[in-house]
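Just so you know, residue 1 is the first one in the sequence shown, and it goes up from there.
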Amino acid sequence: MGLITHKSLFCFFFFTSVLFILSWFFVLRSTGRPLFVDFGILPNTGLLANADIENSDESPDTNVPIVEEGGGTQNQILIKCDSKKQVKVFMYDLPPEFHFELLGWKGKSIWPDIQSEVPDYAGGLNLQHSIEYWLTLDLLNSEFAENLSEKSAIRVSNSSEADVVFVPFFSSISFNRYSKLKPNQKMSTNVLLQEKLVNFLMAQEEWKRSRGRDHIILAHHPNSLLDARMKLWPAMFILADFGRYPPTVANVEKDVIAPYRHVVGSYVDDSSDFDSRPTLLYFQGAIYRKDGGIIRQELFYMLKDEKDVHFSFGSIEKHGITQVTQGMRSSKFCLNIAGDTPSSNRLFDAIASHCVPVIISDEIELPYEDVLNYSEFCIFVRTSDALKDKFLINIMRNIGKEEWTRMWRRLKEVAIFYEYRYPSKENDAVQMIWQAVSRKVPAIKMKLHKARRFSPTNVSRENLLLSDSLPRNFW
């Protein structure tokens with residue numbers, strides 16, 4: 001009798017164990033995880049990756065531009081770009097009130113005839129945020145350029161063929177020139193244009209198709225697009241920094257940081273050296289700033305009595321640009337300190353002057369940093385360290401001729417990446433921005449494809465793609 005009882009108990013535990021293992025198996029399978037990977041039953045994922053590369057027509061190096069250091073002439077191509085990465089851009093034919101009319105251009109067509117005359121952009125400090133102007137000109141130029149293979153972006157007439165959709169609203173000049181109310185106006189021209197832009201975009205099939213995720217909108221001035229940004233957040237913004245944006249609206253994953261257009265002249269024939277630049281450290285600009293820029297006045301009091309440091313207030317008025325140009329070209333290092341926002345045009349003036357930038361801005365984001373190593377030609381100092389007694393000046397004094405010369409030479413090599421030109425040329429700022437956009441395209445397409453996985457058949461696509469009232473951090 002006892003034997004039967006033991007056998008019964010054994011059978012009972014055996015069958016319950018089998019049922020438990022089978023239930024465990026089906027639960028794992030239902031989660032979608034690959035089984036047995038951890039037990040070495042499936043091939044090593046690295047081997048699978050290598051096999052995919054061997055069977056691919058492209059090597060892994062062709063997917064991302066590579067920045068090369070030294071070892072050649074200054075005319076040598078510094079960034080190798082895959083010709084297949086040329087981005088196709090559909091540009092809306094917005095009325096002129098959104099773009100060139102804001103610059104004073106008067107014409108009977110939507111676009112000026114840039115083959116005969118190119119409208120000028122506004123001068124002075126307006127130029128530093130003129131990115132929208134240069135990119136729009138580049139797309140218009142691609143319609144008649146002889147050698148399209150040299151372009152990083154080309155305009156296409158069919159939006160279904162495009163990688164991205166470009167919105168040619170000159171938002172920075174709109175803010176700078178048209179933010180004040182005119183007589184009998186209840187709403188400024190800048191705010192009115194933003195309202196019109198939102199209404200226009202929401203009505204477009206291109207926007208509905210992707211909910212704006214493949215659209216490019218420029219808002220380089222920190223205060224531009226202030227009223228519309230929360231409604232247009234799914235789009236890719238081209239910005240100066242993220243200082244006045246919540247991370248769910250703008251972030252480094254979905255958006256592109258573009259350089260300011262420097263206001264000092266380019267240092268074309270720079271034959272200077274370590275000994276011919278007598279000023280050790282240079283800063284000229286607004287000293288008393290709010291927010292993160294408070295550090296400027298603290299550094300001013302720490303450095304003002306150093307004999308080989310120039311730290312003073314200045315502006316572009318009364319030959320200010322000439323003074324800054326001369327000052328930077330005669331200095332070894334140029335301070336770039338956070339102001340009202342993390343970035344400023346001063347960094348790009350320093351690069352154009354081949355004055356090694358010293359960046360004190362903890363929240364700064366830099367253009368093309370996914371392919372460019374800024375530590376080769378810039379010095380970064382944490383704000384907390386810079387405020388320590390003698391910390392900053394000791395760093396500067398301990399950098400010798402050899403190290404400075406290496407950084408100075410690298411500055412001369414990369415300076416072209418920050419030059420805005422029309423027509424654009426290889427590796428200038430316009431081409432570099434388009435290349436940065438092209439590197440975002442695969443992620444955009446993947447997100448759009450994933451978003452369509454479980455689209456219910458009984459709900460219209462238009463209803464599915466209605467914009468959210470508030471961003472939910474799509475990325």
Self-check item: Distance, nearest 0.5 Å, that separates OG of S172 from NE2 of H220
Solution: 7.5 Å
Quiz item: Roughly how far apart are D340 CG and N223 CG, rounded to 0.5 Å?
Solution: 9.0 Å
Practice problem: Would you please name every residue forming a side-chain hydrogen bond (donor to acceptor under 3.5 Å, both in side chains) with D362, sequence neighbours left out? | Solution: T383
Quiz item: Of all residues at least two apart in sequence or in a different chain, which pass the side-chain hydrogen bond (donor to acceptor under 3.5 Å, both in side chains) check with S109?
Solution: none
Practice problem: Could you give me the CA-CA distance, side-chain angles and deciding distance for H262 and E419, then say whether side chain to side chain donor-acceptor pair (under 3.5 Å) is met? | Solution: CA-CA 8 Å; H262 58 82; E419 295 289 341; 3.1 Å; yes
Exercise. Might you confirm whether atom CZ of R406 has over 12 heavy atoms from other residues, nucleotides or ligands at distances under 6.0 Å?
Key: yes
Quiz item: So with a 6.0 Å cut-off around CZ of R382, is the heavy-atom count from everything else above 12?
Solution: no
Quiz item: Does NZ or CZ of R229 fall inside the cone over Y245's six-membered ring, less than 6.0 Å from its centre and within 45° of the axis?
Solution: yes
Practice problem: Please determine if R329 forms a cation-pi arrangement with Y267, meaning its NZ or CZ atom is less than 6.0 Å from the six-membered ring centre and no more than 45° off the ring axis. | Solution: yes
Quiz prompt | Exercise: identify the closest heavy-atom pair between A258 and P367 | solution = C-CG, 3.9 Å
Quiz item: Looking at H354 and D270, what are the two nearest heavy atoms and their distance?
Solution: ND1-OD2, 2.7 Å
Practice problem: Mind telling me whether Y374 and F377 have parallel, tilted or perpendicular rings, with 30° and 60° as the class edges? | Solution: tilted
Practice problem: Classify the angle between the aromatic ring planes of H215 and Y92 as parallel (below 30°), tilted (30 to 60°) or perpendicular (above 60°). | Solution: tilted
Self-check item: salt_bridge(D214, K440) N-O dist < 4.0 Å
Solution: no
Quiz item: Using 4.0 Å as the upper bound for N to carboxylate O, is an ion pair formed by D138 and K151?
Solution: yes
Exercise. Answer with yes or no whether the side chains of R277 and S272 bring together a donor and an acceptor at under 3.5 Å.
Key: yes
